Amino acid sequence: MEEKKLYSPKIMKEILERHGFEFSKGLGQNFIIDGNIINKIVDAAGIDDNTGVIEIGPGFGTLTQGLCERAKKVVAIEIDKSLRPVHIDTLGYDNLKIIYDDFMKIDINKLIEEEFEGLKVKLVANLPYYITTPIIMKVLEEKINISGITVMVQKEVAHRLSAKPGGKDYGAISLAVEYRADARISLIVPSTVFMPRPKVDSAVITMDILDKPRVLVSDEKNLFAVIRAAFGQRRKTIHNSLSSNLSIDKAKIKEAIERAGLDPGIRAEMLSIYEFAKLAEEIYR
């Protein structure tokens with residue numbers, strides 16, 4: 001097909017107007033209009049001709065185009081069916097399959113088995129704010145068989161996803177990521193590279209999935225129950241927060257904290273994943 005650089009604002013406007021497409025605020029649609037940023041995202045994801053890619057929310061297809069030009073195969077999952085005629089017009093790649101469905105309702109491991117035999121699989125997306133955390137948690141909790149995640153999110157969310165103990169950005173989602181991956185912010189993306197232009201800047205975060213969880217625990221559900229409870233009232237001490245949010249006797253929680261070698265007066269944001277693992281084992285032993 002004749003190569004069209006979809007990130008060109010002129011081309012994008014012409015095609016969207018031709019199909020009568022209107023941006024959905026509810027779906028958080030902001031399409032990338034900078035080819036340099038697209039290349040940097042594909043580079044950050046480590047995409048090559050041995051890679052299979054699952055793209056969430058291709059939107060207009062600017063990032064999809066960059067992925068198709070590098071990857072062996074791309075499966076894009078788009079919730080907005082009104083983009084189908086746009087994709088027919090713009091994304092005529094032999095190595096691309098588009099599924100019009102809700103990513104949150106799809107069995108992704110089954111999709112990987114059916115579509116990516118023999119390939120290392122990575123997940124790439126330009127995620128809207130409202131769905132970022134549910135998508136990341138689905139991928140991590142369901143242990144989806146991928147080697148990496150590279151997503152563009154709001155800058156403040158990227159800081160939370162990659163935060164380390166001791167800061168205000170550190171929370172339950174930071175620990176969920178650290179449990180399963182090595183995370184780093186690959187680049188900061190200004191709001192000017194999107195159409196329509198969002199109110200805040202974005203960042204690309206890359207997560208390399210670990211072969212096994214960072215810490216070994218007897219029950220992951222107990223670990224994350226403790227983490228959620230600890231951050232349920234983050235201004236309180238770990239003892240008070242756990243006592244308020246777990247259905248366990250306050251004295252028993254204090255004993256468990258002390259057996260784990262921790263100060264009951266410490267706050268959740270100061271504890272590492274290793275300390276949370278030890279604490280959870282003591283609470284539920």
Side-chain angles (χ1 to χ4, degrees), residues 44-46 51 54 56 108-109 112 120-125 127 132-153 155-187 203-232 234 237-239 241-242 245-246 248 253 256-264 266-285:
T51 310
I54 297 172
I56 307 170
I108 301 300
N109 274 324
I112 289 170
K120 61 180 180 182
V121 180
K122 299 191 175 184
L123 188 148
V124 181
L127 292 177
T132 296
T133 298
I135 284 178
I136 296 296
M137 292 308 296
K138 172 185 171 75
V139 174
L140 297 176
E141 288 178 352
E142 294 183 7
K143 297 181 176 62
I144 291 173
N145 188 25
I146 55 176
S147 63
I149 305 169
T150 299
V151 290
M152 181 149 58
V153 297
K155 186 166 68 171
E156 64 181 56
V157 177
H159 286 302
R160 288 206 295 271
L161 291 170
S162 59
K164 300 303 178 189
K168 64 181 178 61
D169 292 322
Y170 185 68
I173 187 70
S174 318
L175 284 151
V177 171
E178 188 177 10
Y179 181 68
R180 293 273 289 131
D182 286 324
R184 63 190 177 278
I185 294 177
S186 299
L187 65 145
V204 174
I205 183 166
T206 302
M207 296 171 247
D208 298 321
I209 303 299
L210 302 172
D211 292 333
K212 59 183 180 181
R214 194 172 300 278
V215 292
L216 295 179
V217 292
S218 54
D219 191 321
E220 287 182 10
K221 289 183 180 178
N222 289 342
L223 170 62
F224 285 100
V226 169
I227 289 171
R228 284 192 297 271
F231 284 98
R234 64 182 297 147
T237 66
I238 189 77
H239 181 216
S241 194
L242 292 177
N245 296 300
L246 291 176
I248 299 174
I253 288 177
I257 293 170
E258 291 173 345
R259 284 198 306 272
L262 301 172
D263 177 359
I266 201 170
R267 290 181 176 173
E269 66 198 45
M270 303 306 297
L271 300 185
S272 69
I273 186 71
Y274 304 99
E275 290 168 319
F276 269 113
K278 192 171 183 180
L279 179 56
E281 294 296 290
E282 292 297 341
I283 289 175
Y284 289 102
R285 74 175 190 171

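This structure is a prediction, so every number in the text was calculated from the model and none was measured. In what follows, every heavy atom counts, from backbone to side chain, and hydrogens, waters and symmetry copies are set aside.
A pairwise comparison of heavy atoms in His239 and Ile257 identifies CA-CD1, 3.7 Å as the closest pair. Looking at every heavy atom in both residues, Asn145 comes nearest to Val121 through O-CB, 4.2 Å.
Applying the side-chain hydrogen bond (donor to acceptor under 3.5 Å, both in side chains) definition to pairs two or more places apart or across chains, those involving residues 205-228 are Lys143-Glu220, Tyr179-Glu220, Asp182-Arg214, Arg184-Asp208, Ser186-Thr206, Ser218-Glu281.
Rounded to the nearest 0.5 Å, atoms CD1 (Ile266) and CG (Leu271) are 5.0 Å apart. To the nearest 0.5 Å, atoms CD1 (Ile209) and NZ (Lys122) are separated by 10.5 Å. Expressed to the nearest 0.5 Å, how far CG of Leu223 lies from CG of Leu216 amounts to 11.0 Å.
Within the 4.5 Å cutoff, no side-chain heavy atoms of Arg180 are placed close to those of Leu210. Looking at Val139 and Ile108, their side chains never come closer than 4.5 Å, going by heavy atoms from C-beta outward. Between Ile136 and Thr133 the shortest side-chain heavy-atom distance does not fall below 4.5 Å. By the 4.5 Å heavy-atom criterion applied to side chains, Met207 and Val151 are counted as neighbours. In this structure the side chain of Ile112 reaches within 4.5 angstrom of the side chain of Ile54, judged on heavy atoms.
For Lys278 and Glu275, the salt-bridge test fails: no basic side-chain N is under 4.0 Å from an acidic carboxylate O.
For Lys164, there are no salt bridge (charged side-chain N to carboxylate O under 4.0 Å, His left out) partners at least two apart in sequence or on another chain. Residues forming a side chain to side chain contact (heavy atoms under 4.5 Å, CB included) with Ala230 (at least two apart in sequence, or on another chain): Ile238, Leu242, Ala268, Phe276. Residues that satisfy the side chain to side chain contact (heavy atoms under 4.5 Å, CB included) test with Pro165, not counting sequence neighbours, are Tyr170, Ser272. The side chain to side chain contact (heavy atoms under 4.5 Å, CB included) search around Arg234 returns Phe231, Glu269, not counting sequence neighbours. Qualifying side chain to side chain donor-acceptor pair (under 3.5 Å) partners for Lys120, counting only residues two or more places apart in sequence or in other chains: none. Partners of Glu141 by side chain to side chain donor-acceptor pair (under 3.5 Å), not counting sequence neighbours: none found. Scored by the side chain to side chain donor-acceptor pair (under 3.5 Å) test, Asn245 finds Gln233 as partners (sequence neighbours excluded). Shown here are the salt bridge (charged side-chain N to carboxylate O under 4.0 Å, His left out) partners of Asp263, two or more places apart in sequence or in another chain: there are none. Among residues two or more places apart in sequence or in another chain, the side chain to side chain donor-acceptor pair (under 3.5 Å) test is passed with Ser174 by none.
Each of Val217, Ile253, Leu279 was compared with Val226 under the side-chain contact (heavy atoms from CB on, under 4.5 Å) criterion, and only Leu279 meets it.
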Indicate every side-chain donor-acceptor pair of residues 156-163 with a distance under 3.5 Å to a residue at least two apart or in another chain.
| from | atom 1 | to | atom 2 | distance (Å) |
| --- | --- | --- | --- | --- |
| Ser162 | OG | Ala158 | O | 2.8 |

